> 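The structure's right below; bear with me while I get my questions together.
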2 protein chains.
Amino acid sequence: RMATEWHKERELQARLRAINRAGVQLTSTRHLEPVLRGALKEALSLTGSTAGSVMLVEGDRLRIYVAEGLDERVLKGVQPKVGEGIAGWVAKTGKPLVLRRGAVYKRSLSHPSPERAEAACCLPMKVRGEVIGVLNVKGKEEDFTQDDVNLLSVLASHAAAAIYNARLYERLERRVGELRALSEVATILSSSLDPKKVLSLIVKHSLSLLKAKRASVMLLEGETLRVVASKGLPRGASRAVVRIGEGIAGTVAKTGKPMVLKRGERHPLSRSRSAPAAISVPLEAKGRVVGVLNVSERADGGNFTGDDLDLLMHFARQAAVAIENAELYREIRHLFDGTINALAAAIDARDPYTLHHSERVSKWATEIAKEMGLPPEEVEAIRYAALLHDVGKIGIPESVLLKPAKLEPHEFALIQKHPVIGAQIVGTVREFHRIIPYIYHHHERFDSTGYPEGISGQDIPIGARIIAVADTYDALTSDRPYRKALPPEEAAWELKRAAGSQLDPEVVEAFLRILKRQGIKI
Amino acid sequence: RMATEWHKERELQARLRAINRAGVQLTSTRHLEPVLRGALKEALSLTGSTAGSVMLVEGDRLRIYVAEGLDERVLKGVQPKVGEGIAGWVAKTGKPLVLRRGAVYKRSLSHPSPERAEAACCLPMKVRGEVIGVLNVKGKEEDFTQDDVNLLSVLASHAAAAIYNARLYERLERRVGELRALSEVATILSSSLDPKKVLSLIVKHSLSLLKAKRASVMLLEGETLRVVASKGLPRGASRAVVRIGEGIAGTVAKTGKPMVLKRGERHPLSRSRSAPAAISVPLEAKGRVVGVLNVSERADGGNFTGDDLDLLMHFARQAAVAIENAELYREIRHLFDGTINALAAAIDARDPYTLHHSERVSKWATEIAKEMGLPPEEVEAIRYAALLHDVGKIGIPESVLLKPAKLEPHEFALIQKHPVIGAQIVGTVREFHRIIPYIYHHHERFDSTGYPEGISGQDIPIGARIIAVADTYDALTSDRPYRKALPPEEAAWELKRAAGSQLDPEVVEAFLRILKRQGIKI
C-alpha cells in the first residue's frame with residue numbers, strides 16, 4: 001500500500017512540476033488567444049481528457065473563447081448567463097463543480113440522459129477573488145479524482161493570471177496604438193487652415209480613431225447647435241439644428257461634460273428612435289464650448305469604453321483648436337482681402353469713370369492667369385497686384401487725373417509716375433515683394449515703348465503683361481469723357497490689333513479664349 | 001526508509017504547491033518592486049534561508065534591486081559585470097551554482113576565508129532562454145539540497161516571467177502616460193499663433209516630455225541653422241549657427257533623419273566636448289525640413305530609449321506644424337497691417353499738410369486707450385479705426401480738400417461727409433463692424449455740436465471720443481496753411497480748454513497724463 005501511495009505521490013509531484021512549467025509558459029505569453037489555447041491544452045493533457053472549453057465572463061454572460069472536441073453547433077449557441085447552468089453556477093459561486101459519469105444534474109442546461117452523461121469538471125478562473133471565466137474539461141473514461149480537481153484548480157489560477165495579463169497587455173498595446181494614431185491625426189488636423197477641410201477631417205478621423213460608423217460636428221451659433229459636417233447620419237439629421245440645453249448634444253454643449261450612451265439604452269434626453277452606442281463630447285477652445293462632436297455606432301456593435309471616451313476627449317480638444325485656428329486665419333484673410341478691396345475702391349472712386357475699374361481688372365487678370373496655367377500662388381499674387389495696380393494714382397492731383405482736356409507734357413509725366421508711386425506704397429509691406437514688379441511694370445509695352453522702364457517682351461514680368469491686357473480691355477469697354485464704351489467684340493478686336501506691339505500676343509490669345517467661351521464673337 | 005521517503009515526497013509536494021501559489025501571486029503583480037520583494041521572500045521561506053538578493057541584468061552588468069539580510073555597504077559597491085564573480089558566471093552561463101559551506105570558490109569576488117564561507121545558491125532567472133537576472137539565497141545552516149535547487153529554479157522561472165511582465169506593464173503604462181501628455185502638449189502648442197511663444201513652448205515641453213535638461217530649436221534660414229529658442233545650453237551655444245550638412249544638427253537637417261547619441265559616445269560629427277545622451281530630430285512641415293529640435297542630458301543620467309525617440313518624433317511633427325501656422329498667421333497679419341498702413345498713408349499723402357497724420361493719430365489713440373485701461377481687443381480696434389479715420393476723405397475732391405481759402409457752405413458740407421463715406425468704405429469688410437462707429441462718429445463733439453449725428457457725451461462711442469482727442473492734438477501740433485504748428489505745451493493747454501465742450505474731459509485727462517510722463521509741462 002505504501003509503495004502505491006509513494007508512486008501516487010511521485011506522480012502527483014510530476015504533475016505539479018508540469019503545472020509549474022505550464023504556469024510559467026502561460027504567464028510569459030502576451031496575447032489572449034494563445035494563452036487560452038495553452039491553458040485548455042494543458043488541462044486536457046494533465047487529466048487525460050479529450051474535450052473542454054474556456055469561457056470568459058462578458059458583462060452578465062459567459063462566452064466560449066476556445067474549445068476542443070466539442071460540437072461546433074453547440075458552441076455557437078452557448079452563451080449562458082452568469083448563474084445559469086453548470087458553468088454559470090461555477091462563475092457565480094466561484095466554486096469548482098465535478099460531474100460524475102451517468103449522474104444527472106438538474107442545473108445542467110443540456111439535460112443529457114444518464115447513459116449519455118459524461119464525467120466533467122468545471123473550474124472557476126479567479127483573479128484577486130473575482131471570477132473572470134470558467135475552465136471546462138470532460139471526455140474522460142473514469143470520473144475526475146480529487147487530485148485532478150486540485151491540480152486543475154492550480155492550473156486555473158495560473159491561467160486566470162495569464163488571461164488577466166494578456167488582456168491588460170492587449171489593452172495597453174491597443175491604447176498605445178490609438179494614442180500614437182491620435183498624435184498623427186493631430187498633426188494632420190492642425191496642418192490645415194481651411195475651415196471646411198478641418199471639419200471634414202474631424203469627422204473622418206473621429207470615425208477611424210473610434211472605429212465607429214457615424215459622426216457629426218455641431219458648432220454653436222448663438223443659442224443653437226448646427227451640424228456642419230457629418231458622415232453616416234440618417235437623412236435629415238445631417239441638417240439638424242438643436243437648441244442649447246436640449247437633447248444629448250444640447251446638454252453636452254450646455255454643461256461642457258461628455259455623455260456616453262450604451263447600446264440599447266433609451267436615454268431620457270435622446271430623441272433618436274434607434275439607440276446605438278454613442279459618445280458626445282464638447283468642443284472646447286480657450287475654455288469656451290464652441291460645439292459638440294458626436295460619434296455613434298461602433299463597427300463591432302459593442303459599447304464605447306472609458307478608453308474610447310478618453311481618446312475622443314483628447315481628440316476633441318485638438319479638433320476645437322484646429323477649428324479655432326482655421327477660423328482665425330480665415331477671418332484675418334477676409335479682413336486683409338476686404339482692406340485691399342477698400343483700398344482699390346477708394347482709388348477708383350476718385351474718378352467717376354474708373355468706378356470698380358480695379359475690381360474688374362483683377363477679375364480678368366485672375367482668369368487669364370488661370371487660363372495660362374500659372375501656379376496658384378502666382379494667380380493669387382496677380383489678383384492682388386491687379387487690385388492695386390493703380391494705387392499710385394493716389395499721388396496724382398485730381399486736377400491732372402480728372403482733366404477732360406489733353407494733358408500738358410509735365411502733367412503726362414506725372415501720370416506716368418503712378419506705377420512707380422504704386423510700387424513704393426506697396427513696397428512698405430515686406431510680404432508684398434512678389435507683386436511689386438507687377439504694379440511697377442503694368443504700363444510697359446511689349447515693343448518696349450511703354451513706361452517707366454521701357455523694357456520689352458519676356459523681360460516684362462508675366463503678372464505685369466497680364467494686368468496690361470486686362471487693364472486695356474476694361475478701359476476699352478468703359479465710358480470715357482471723350483468716347484463711349486466699346487462693345488466687347490470691338491474691344492477684343494482692338495486687343496488683337498495691339499498684340500505684339502502694345503500687348504503680349506500669348507496673353508491676348510489666352511484672354512480671347514476666355515471671351516470666346518463667354519459667347520463673345522471674335 | 002519508505003516512510004521517510006514518503007514524508008519527503010509529501011513535503012516536496014507541499015513545497016511545489018507553495019511555489020505554484022507564489023507563481024500565481026507573482027505574475028498577478030503589476031509592478032516591479034513588489035514582484036522582486038515577493039520573489040525573494042518566497043525563495044527565503046521555501047529554503048529556510050535568511051539572506052539573499054535579486055539582481056537584474058542592465059547592459060553588461062548586474063545590479064542588486066532588492067536584498068534581505070545583507071550588509072548595506074556591500075550592496076552599494078556590488079555591480080559585477082556579466083561573466084565576473086559567482087552571480088556574473090550564473091548570468092553568463094544561465095546555469096545555477098550551489099556553494100557549499102566552508103568551500104572556497106575561485107570565481108568569488110569577495111574571497112571569503114573557508115571558515116566564513118557560507119552555503120549559498122545562485123539561480124539564473126530566464127525568460128525565453130534569455131537571462132534577465134540572478135536570484136541569490138544564503139544564510140542557511142546546512143548546505144542546499146538538490147531538491148532546494150530544483151524548487152528554487154521553478155520559483156526563479158515564475159519570478160522571471162513576473163519581472164518581465166511587470167517591466168513590460170510599467171513600460172506600457174509609462175508610454176500611455178507619455179502619449180497622453182503628448183496630446184495635451186499638442187493642444188497647448190497649437191493653441192498659440194504667436195511664433196515666439198510657440199518656440200518657447202516647444203523647448204519647455206520637449207524637456208518635460210523627455211525628462212531632459214537641455215533643449216534647443218534651430219530653424220533653417222537658407223543654408224544655415226540658427227538657434228531660435230533654447231534652455232540649459234552652455235553660453236555661446238544658444239547663439240550657435242550651423243551650416244546645413246555640418247555637425248549633428250546640420251546632418252539631421254540635411255538628411256531629414258533623427259540621430260540618437262549615447263552618453264559618453266564621442267560621435268565623429270559631434271563638436272561638443274562633453275558627450276551627454278542626446279537626440280536630434282528634424283522639424284518637418286509639409287514634407288520640408290524647416291529646422292531641428294535637439295534634446296540632451298536626461299535628468300536621470302541615462303540614455304534615451306527608442307520610446308523617447310518615437311515620442312520626440314511625434315512631438316516634432318506637431319511642433320513643426322505649430323511653427324508653420326504661427327508663421328502663416330504672422331505673415332498675413334503683417335500683410336493686413338501693411339495694407340491698412342498703405343491705405344492710411346495714401347489718404348494722408350493727398351494733402352502735404354497731413355503727411356503721416358493717420359499714423360500719428362493712431363499712435364496717440366492707442367496710447368490713450370491703454371492709459372484708460374480698455375481691454376486689448378478694444379485697444380486694437382481703436383488702433384485700426386484711428387489709422388482709417390480719414391479714409392472717407394478719398395471721396396472729397398482735392399479742390400475742396402486742399403483749398404487754402406475759407407470753404408463755401410456746400411464745400412464744408414462735403415467735408416462733413418467724410419466720416420460717413422469712411423464708415424461706408426470700411427463697412428464693406430464684415431469683420432470691421434467694431435471700428436465702423438469709431439470712424440463714423442470721430443467728428444462728434446462732447447457737447448453735441450459735432451457731425452454727422454450731433455450726439456453728445458457717453459452716447460459717442462469711446463473709440464470715437466479717443467480718436468477726436470488724438471486727431472485734435474495732431475492737428476494743433478502740425479503746420480497748417482493758415483498757421484504754424486503749436487508747441488506741445490500750448491496744444492495741451494488747448495485740449496484742456498476744449499475738454500467738456502468739444503472733447504471728453506476724461507479722455508483729455510488720460511492724454512495729458514501721457515504727455516506729462518513724456519516730460520511736457522502742463
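Treat the numbers as computed from the prediction; the structure is a model and nothing was measured.
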> Dump the intermediate steps for side chain to side chain donor-acceptor pair (under 3.5 Å) on A:D390 and A:H418, then the final yes or no.
CA-CA 7 Å; A:D390 273 347; A:H418 86 267; 3.1 Å; yes
> Given that the side chain runs from C-beta out, which part of B:R180 has a heavy atom under 4.5 Å from chain A: side chain, backbone, both or neither?
both
> With a 4.5 angstrom heavy-atom cut-off, could you sort out which part of B:V127 is near chain A: side chain, backbone, both or neither?
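It is neither, since no heavy atom gets under 4.5 Å.
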> Give a yes or no on whether the backbone of A:L193 and the side-chain of A:R330 come within a donor-acceptor separation of less than 3.5 Å.
no
> At a 4.5 Å cut-off on heavy atoms, which part of B:Y329 comes close to chain A: side chain, backbone, both, or neither?
both
> Please examine the side chains of A:R171 and A:R174, heavy atoms only from C-beta on, and report whether any two atoms are closer than 4.5 Å.
yes
> With chain A, which of B:L26, B:T27, B:I421 has the greatest number of heavy-atom pairs at distances under 4.5 Å?
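That would be B:T27.
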> Between A:L155, A:L402, A:N150, A:N325, which residue shows the highest count of heavy-atom pairs closer than 4.5 Å to chain B?
A:N325
> Do B:R288 and B:L283 come close enough that some side-chain heavy atom pair is under 4.5 Å?
no
> Hey, which of A:R21, A:K286, A:R128, A:E173 has the most heavy atom pairs under 4.5 Å with chain B?
A:R128
> Using a cut-off of under 4.5 Å for heavy-atom pairs, which of B:R175, B:H158, B:E324 has the most such pairs with chain A?
B:H158
> If we define contacts as heavy-atom pairs under 4.5 Å, which of A:V321, A:L328, A:L401 has the most with chain B?
A:V321
> Taking every non-hydrogen pair under 4.5 Å, which of B:V154, B:L311, B:L168, B:L182 racks up the most with chain A?
B:L168
> Using non-hydrogen atoms only, which part of B:I396 is less than 4.5 Å away from chain A: side chain, backbone, both, or neither?
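Only the backbone of B:I396 comes within 4.5 Å of chain A.
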> Going by heavy atoms in the side chains, are B:H31 and B:Y169 under 4.5 Å from each other?
yes
> With respect to chain A, which residue among B:S191, B:G392, B:A285 yields the maximal number of heavy-atom pairs within a distance under 4.5 Å?
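The residue among B:S191, B:G392, B:A285 with the greatest pair count is B:S191.
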> Do the non-hydrogen side-chain atoms of B:S157 and B:K126 ever get within less than 4.5 Å of each other?
no
> Within a strict 4.5 Å, meaning less than it, do heavy atoms of the B:N165 and B:T29 side chains meet?
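The answer is no, as the side chains (C-beta and beyond) never meet within the 4.5 Å cut-off.
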> May I ask you to name which of B:E178, B:R30, B:Q25, B:R17 has the most heavy-atom pairs under 4.5 Å with chain A?
B:R30
> Going by heavy atoms in the side chains, are A:Q318 and B:S183 under 4.5 Å from each other?
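Of all side-chain heavy-atom pairs linking B:S183 with A:Q318, at least one is under 4.5 Å.
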> Assess the residue pair B:E184 and A:R317 against the criterion (side-chain contact (heavy atoms from CB on, under 4.5 Å)); give the C-alpha distance rounded to whole Å, side-chain angles, the decisive distance to 0.1 Å, and a yes or no.
CA-CA 8 Å; B:E184 308 279 355; A:R317 276 195 284 276; 3.8 Å; yes
> Measure B:I19 against the heavy atoms of chain A and call it side chain, backbone, both or neither at under 4.5 Å.
both
> With respect to chain A, which residue among B:V391, B:D310, B:L388, B:L189 yields the maximal number of heavy-atom pairs within a distance under 4.5 Å?
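Of B:V391, B:D310, B:L388, B:L189, B:D310 has the most heavy-atom pairs under 4.5 Å with chain A.
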